[in-house]
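Computed over heavy atoms, backbone and side chain alike; hydrogens, waters and symmetry mates excluded. Being a predicted model, the structure only gives us computed values, none of them experimental.
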Amino acid sequence: PRSTLFPYTTLFRSLDSSSMWAITVSSAGLLGGPLTARRPASVARAHLRAVATSPELPTSERTQVAKERLHVRIDDEWYDLTNWRMAHPAGAHWIDAYKDSDATEVMYGFHSDKGMGMIKRLPRSKAPPVDVPAPVESSYAFRELRAKLVADGWYKPHWRGELQKLMPWAATLWIAKTLSMRSGGLAAFGAIFAYAVSNTLSGWLSHDYVHGRSPFCMAMRGFGELVGGMSTTWWSMKHNMHHALTNEIGYDEDVALEPALYLWQPDPKNDSPMRKFQHLYWPIPFSVLFLYWRFDSIKYTLKERKWNELGRLVVHWGAFLALLPAKTVFLGVWLSGLLTATIVTVTHQSEEIFIQDTLRKYDFCEAQFRSTRDAMCSNWFSDILWGGMQWQLEHHLFPTMPRYKYKALHPVLRQWSKEHGMDFRTSGELEILQQNIAQLKKIGNQDAVEGMPDSNLLEERRSEERRVGKECRSR
């Protein structure tokens, strides 16, 4: 499949740079101390109305000017990012995606204290759009919840939790090495399986180190290339849009699976006769996930001249092919792709897909509840193998929180969802897999529908960004 199904990394290294588009949370940030909501919901709505009806220009003139500018709302303040979009370290597509929209939750979710502090340097909008609705009540309530969690220390990492994450990866790699030195088919299969589990766990660790904001996580970000075998920049550039706009067609690459798999009824010209069998053959495209990612990582680092990352990838391949037989490595990576892809997709792809009339319809918080489901693991091995992804909703709402805090957060978030009318969805680990297979079968048996979009919207958006970038550089 053309999509990526979970990775993250050096996007966050870029997000920490001095030119980062960011947001302040009073005088504190995600890890820097007490964090309080900017204003109560009622005051925030009044403030937003005041901004939206600013008398700087007549309404008709302001509407025309707004159409020609790129405005983004953060904490009820509008910023004009028209002339700044190409300077965004993570790419102009992030700015474009939030044109005339609220980006508050994305700013809080992805940026460091230093990055968020840079918001003060951004130009305020002189003529913000007048027809953008205010955030819904649950969005303000969510901001207050997040602020309370930060103030209560939920985002602070602990050395014991970090060590406990590393131990299963190291143990399964050691088992793979031990079994690979023995003869016999059973030992060979055991080595492949142990390495597959180790590789999957290394992916979760790489994912954690990119999301994390602690000095330890910052120091460990090269883990993605050295152990995971994938470019951290390439990985993060693909994954973070999935985090921000989950299941939004044209934005989220994790649901851009066609023609291998279809998650919505396609246009007849984009259909495949194999679609009716996708509930049977889905493990095949899933299993090539990591092999595809590794190939694309090398291609990306060469094309973008990411020499440091390429160097770490070379070290990775040299070290692991010296440590384990080539057969164990390649078959282990193949099996790991199946394990990882299954874990990452089942919590999203049977949930709501936002397309056409529902595209960008909901505020961030409600959209995450609608597009994400938690998986309840039934045993200790599953808990380790899922690597925190069983708490998928908690992770999507609070991506920089250490994953070992999610289990304790689960009842807190469930109670909050009841109080604010949100549908908190959970299923057992086998039940959620069955739901996904049933959904693939349902979509496979439905008729194609003329006019339905496909994932080419992603490619069109990237092509436009590259075109604009070249024009800016030529000037």
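- Inspection of the Tyr262 and Asn270 side chains reveals no N or O donor paired with an N or O acceptor under 3.5 Å.
- Looking at heavy atoms from C-beta onward, Thr246 lies in side-chain contact with His348 at the 4.5 angstrom threshold.
- A heavy-atom distance below 4.5 Å is not found between the side chains of Asp363 and Asp102.
- Under 4.0 Å is where a charged nitrogen must lie from a carboxylate oxygen, and between Asp80 and Lys126 no such pair does.
- One side chain, Ser378 or Glu429, offers a donor N or O that lies under 3.5 Å from an acceptor on the other.
- In this structure, the side chains of Arg124 and Tyr79 come closer than 4.5 Å at one or more pairs of heavy atoms.
- Exactly one residue among Arg425, Lys361, Arg373 makes a salt bridge (Lys or Arg N to Asp or Glu O under 4.0 Å) with Glu352. That residue is Arg425.
- Between atom CE of residue Met376 and atom CD of residue Glu431 there is a gap of 11.0 Å, rounded to the nearest 0.5 Å.
- Put simply, the residue from Leu289, Thr200, Leu201 that forms a side chain to side chain contact (heavy atoms under 4.5 Å, CB included) with Ser336 is Thr200.
- Cation-pi contact between Arg146 and Tyr155: absent, since separation from the ring centre below 6.0 Å together with deviation from the ring axis within 45° is not met.
- No hydrogens or angles considered: nothing links the side chains of Asp100 and His71 as a donor-acceptor pair under 3.5 Å.
- The aromatic rings of Tyr209 and Phe216 sit perpendicular, their planes meeting at an angle over 60°, well past the 30° parallel limit.
- A pairwise comparison of heavy atoms in Thr400 and Gly109 identifies CG2-O, 3.3 Å as the closest pair.
- Leu409 CG to Glu394 CD: the interatomic distance, rounded to the nearest 0.5 Å, is 5.5 Å.
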* Asked: Does the pair Tyr251 and Arg360 meet the rule for a side chain to side chain contact (heavy atoms under 4.5 Å, CB included), with working shown?
  -> CA-CA 10 Å; Tyr251 296 93; Arg360 306 297 295 274; 3.4 Å; yes
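- Rounding to the nearest 0.5 angstrom, the gap separating the CG atom in Asn436 from the CH2 atom in Trp282 is 8.5 Å.
- Although no hydrogens or angles enter the test, the distance criterion places no donor-acceptor pair under 3.5 Å between the side chain of Asp267 and the main chain of Glu450.
- Proximity of a side-chain donor or acceptor of His158 to a complementary backbone N or O of Arg160 within less than 3.5 Å is detected.
- Note on Lys148 versus Asp152: salt bridge recorded, some NZ/NE/NH1/NH2 to OD/OE distance being below 4.0 Å.
- Nearest heavy atom pair, residue Asn199 against residue Val227, reads OD1-O, 4.5 Å.
- A cation-pi arrangement, defined by a distance under 6.0 Å to the six-membered ring centre and an angle within 45 degrees of its axis, is absent between Arg403 and Tyr406.
- Residues His93 and Met241 meet the side-chain proximity criterion, which asks for heavy atoms closer than 4.5 Å.
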* Go through Leu257 and Gln349 one step at a time and tell me if the side chain to side chain contact (heavy atoms under 4.5 Å, CB included) criterion holds. => CA-CA 10 Å; Leu257 303 175; Gln349 70 179 21; 3.9 Å; yes
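- Rounding to the nearest 0.5 angstrom, the gap separating the CG atom in Leu145 from the CZ atom in Arg143 is 13.0 Å.
- The shortest distance between side-chain heavy atoms of Ile432 and Thr347 falls below 4.5 Å.
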* To do: Decide side chain to side chain donor-acceptor pair (under 3.5 Å) for Glu351 and Thr372; before the verdict, give the C-alpha distance in whole Å, the side-chain angles of both, and the deciding distance to 0.1 Å.
  => CA-CA 6 Å; Glu351 304 309 306; Thr372 308; over 6 Å; no
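- Screening Cys217, Pro215, Ser214 for a side chain to side chain contact (heavy atoms under 4.5 Å, CB included) involving Pro157 leaves a single residue, Ser214.
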* Steps toward side chain to side chain contact (heavy atoms under 4.5 Å, CB included) verdict (Trp204, Val344) -> CA-CA 11 Å; Trp204 305 142; Val344 220; 4.1 Å; yes
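- For the residue pair Thr233 / Glu304, no side-chain donor-acceptor distance below 3.5 Å is found, with atom types taken as modelled.
- Note: Ser231 OG to Met237 CE = 10.0 Å, rounded to the nearest 0.5 Å.
- For CG of Asp423, the number of neighbouring non-hydrogen atoms (other residues, nucleotides, ligands) closer than 6.0 Å is greater than 12.
- A donor-acceptor pair shorter than 3.5 Å can be found between the side chains of Tyr140 and Asp76.
- A donor and an acceptor atom, one from each side chain of Gln368 and Tyr362, are nowhere located under 3.5 Å apart.
- Using a 4.0 Å cut-off between charged nitrogen and carboxylate oxygen, Lys306 and Glu225 do not count as a salt-bridge pair.
- Looking only at side-chain heavy atoms (C-beta outward), His211 and Met401 stay at 4.5 Å or farther from each other.
- Between the side chain of Gln265 and the main chain of Asp447, a donor-acceptor pair closer than 3.5 Å is present.
- With 3.5 Å as the limit, one finds a donor-acceptor pair spanning the side chains of His243 and His395.
- Across all their heavy atoms, Phe424 and Ser417 have their closest contact at CB-OG, 3.6 Å.
- The backbone N or O of Trp154 sits less than 3.5 Å from a side-chain atom of Lys405, completing a donor-acceptor pair.
- Contact detail for Leu359 and Phe354: the closest heavy-atom pair is CD1-O, 3.4 Å.
- Residues Pro266 and Met452 approach most closely at C-CB, 4.0 Å, considering heavy atoms.
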* **Residues Arg69, Ser125; criterion side chain to side chain contact (heavy atoms under 4.5 Å, CB included); working and verdict** => CA-CA 9 Å; Arg69 309 296 295 179; Ser125 296; over 6 Å; no
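- Each of Gln390, Arg414, Gln392, His410 was compared with Asp374 under the side chain to side chain donor-acceptor pair (under 3.5 Å) criterion, and only His410 meets it.
- The backbone N or O of Ile95 lies less than 3.5 Å from no partner atom in the side chain of Trp84, so there is not a single donor-acceptor pair.
- Put simply, the side chain of Gln278 gets close to the backbone of Leu440: a donor and an acceptor are under 3.5 Å apart.
- Taking all atoms of both residues into account, the shortest heavy-atom contact from Tyr404 to Gly161 is CE2-C, 3.5 Å.
- Here the side chains of Leu122 and Met118 are not in contact, with every heavy-atom distance at 4.5 Å or above.
- Interatomic distance, CG of Leu81 versus CD1 of Ile74, reported as 6.5 Å (0.5 Å rounding).
- Using a 3.5 Å distance cut-off with no hydrogens or angles, the side chains of Gln435 and Ser427 do pair a donor with an acceptor.
- Relative ring orientation between Tyr98 and Trp94 is described as parallel, the plane-to-plane angle staying below 30° on a 0-90° scale split at 30° and 60°.
- Proximity of Asp208 to Phe223: side-chain heavy atoms (C-beta onward) are nowhere separated by under 4.5 Å.
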